[in-house]
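In this chain, numbering begins with 1 at the start of the sequence shown. Worth knowing before you read on, the calculation uses all heavy atoms, side chains too, and leaves out hydrogens, waters and symmetry mates.
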Amino acid sequence: MLFYGFTNLPKKHSDCQTDISPYSVVPPGLFLSLLAAADPTLPKPFAVLSFYGYYSASAPFLLEENTYFNTFPKISDTLKDAMIHKAPLVFGPVDSRYPLYVYARQKGAFQELVFGKKGDHATKAAFDLIPERDFHFLPPLFLAHSLSDQDVPVTESMTLEKGTLDSELHCVNGLPHDFDTQTVQTEGKLAYEKAISFLNEKRLD
C-alpha cells in the first residue's frame, strides 16, 4: 500500500509520491502508485510495496455487486449524494470517505463514482495497466495479500507477480483484507519484516 523508492526526486514531481498509511482503508492509494510507477515519463522508484492492491480501474470485481460489502448496512443514494462535495476531500476521518467506497462496492458502481455516469472509454482506459503492455515498466514489487480477501481478490496480486520480472508475493490465509493493520500480530509483523527486507535488498542492488 506504500509507494517507495524515489531518490533525488525533482520538485516538480514531488506530488507523485504516495505515502498512504497502512491504517487507512483506501485501496486506490496503491493503485495510483502502480500507475505512477509504470509511467515511463516519471522518475522510477527502486521498489513498490503492494499490500492487497489492484492494477486496473476496470477490474471485473469493481464492476460487480460485492457479497461481503452487502452484509454491511446499506448506503442509500441520499447519503451517498450528501457525502459528495464540490471540492476534493484529501484529508478527514475515515467515516467521511469510506461509506462512498462501501456504496460503490454494494452497487458495483465504482467506475460511476470515479469517472461519472458519462465517463468515456479513453478516460477510463488511462487508469488501466495492461499486463502485456505495462507490467515491464514496473520496478521490483513486494506483494502481500490474504488468500481470503473479501474486498480485492488475491488473483490481482498473483497476476502482478506472474507478469513482472522482479517480484515477491507473500500470502496469508484465513485473514481479512487489511490483515496487516494489526502489526503486533504474527501475520502483520511478518509481512512488514519481509517488506523491509525486500526494500533493503533492492536498495543495495
Does the pair Leu113 and Lys80 meet the rule for a side-chain contact (heavy atoms from CB on, under 4.5 Å), with working shown? CA-CA 10 Å; Leu113 288 187; Lys80 179 262 294 183; 4.0 Å; yes

Residue pair Thr155, Phe61: steps toward the side-chain contact (heavy atoms from CB on, under 4.5 Å) verdict: CA-CA 11 Å; Thr155 51; Phe61 78 93; over 6 Å; no

Checking side-chain contact (heavy atoms from CB on, under 4.5 Å) for the pair Leu30/Val48: CA distance, chi angles, key distance, verdict? CA-CA 9 Å; Leu30 183 275; Val48 172; 4.1 Å; yes

Take Phe51 and Tyr192, measure what side-chain contact (heavy atoms from CB on, under 4.5 Å) needs, and give me the verdict at the end. CA-CA 10 Å; Phe51 276 61; Tyr192 280 106; 3.9 Å; yes

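Residue pairs meeting the ring-ring contact (aromatic ring centres under 6.0 Å, His included) criterion with at least one member in residues 137-165, sequence neighbours excluded: Phe142-Phe198.
Considering only heavy atoms from C-beta on, Tyr55 comes within 4.5 Å of Pro131 through its side chain. Put simply, the side chain of Glu156 does not reach to within 4.5 Å of the side chain of Tyr52, judged on heavy atoms. Counting heavy atoms from C-beta on, the side chains of Leu190 and Glu193 come closer than 4.5 Å. Considering only heavy atoms from C-beta on, Phe127 stays 4.5 Å or farther from Val114 through its side chain. The shortest side-chain heavy-atom distance between Asp128 and Asp134 does not fall under the 4.5 Å cut-off.
At distances below 3.5 Å, not a single donor-acceptor pair connects side-chain atoms of Asp151 with backbone N or O atoms of His177. Ser167 contributes a side-chain N or O that, together with a main-chain N or O of Glu161, makes up a donor-acceptor pair within less than 3.5 Å. Between the side chain of Asn66 and the main chain of Gln150, a donor-acceptor pair closer than 3.5 Å is present. A donor-acceptor contact shorter than 3.5 Å is absent between the side chain of Ser157 and the backbone of Val154. Here the side chain of Arg203 pairs no donor or acceptor atom with the backbone of Phe46 at under 3.5 angstrom. Counting only distance, with no hydrogens or angles, the side chain of Lys44 and the backbone of Pro40 share no donor-acceptor pair below 3.5 Å. Using modelled atom types, one side-chain atom of Gln111 and one backbone atom of Ala57 make a donor-acceptor pair closer than 3.5 Å. Without hydrogens or angle criteria, Gln106 side chain to Phe69 main chain gives a donor-acceptor distance under 3.5 Å.
Closest heavy-atom contact between Leu129 and Ala38: CD2-CB, 3.8 Å. Closest approach of Ser146 to Pro176, counting heavy atoms only: CB-O, 3.8 Å. Across every non-hydrogen atom of Lys124 and Gly119, the tightest pair is CE-O, 3.5 Å. Listed here is the closest heavy atom pair of Ser50 and Leu160: OG-CD1, 4.5 Å.
Annotation: Lys74, atom NZ; neighbour count of heavy atoms from other residues, nucleotides and ligands within 6.0 Å is above 12. Environment of NE2 in His85: crowded, with over 12 heavy atoms of neighbouring residues, nucleotides or ligands closer than 6.0 Å.
Judged as a salt bridge (charged side-chain N to carboxylate O under 4.0 Å, His left out), and not counting sequence neighbours, Asp39 has no contacts. Taking Lys107 as the reference, nothing meets the salt bridge (charged side-chain N to carboxylate O under 4.0 Å, His left out) condition, with sequence neighbours excluded.
Each of Asp81, Ile75, Leu79 was compared with Tyr103 under the side-chain contact (heavy atoms from CB on, under 4.5 Å) criterion, and only Ile75 meets it. Each of Thr159, Leu165, Leu34, Leu141 was evaluated against Phe135; a single residue qualifies, Thr159, per the side-chain contact (heavy atoms from CB on, under 4.5 Å) test.
To the nearest 0.5 Å, atom CD of residue Glu64 and atom CZ of residue Arg105 are 9.0 Å apart.
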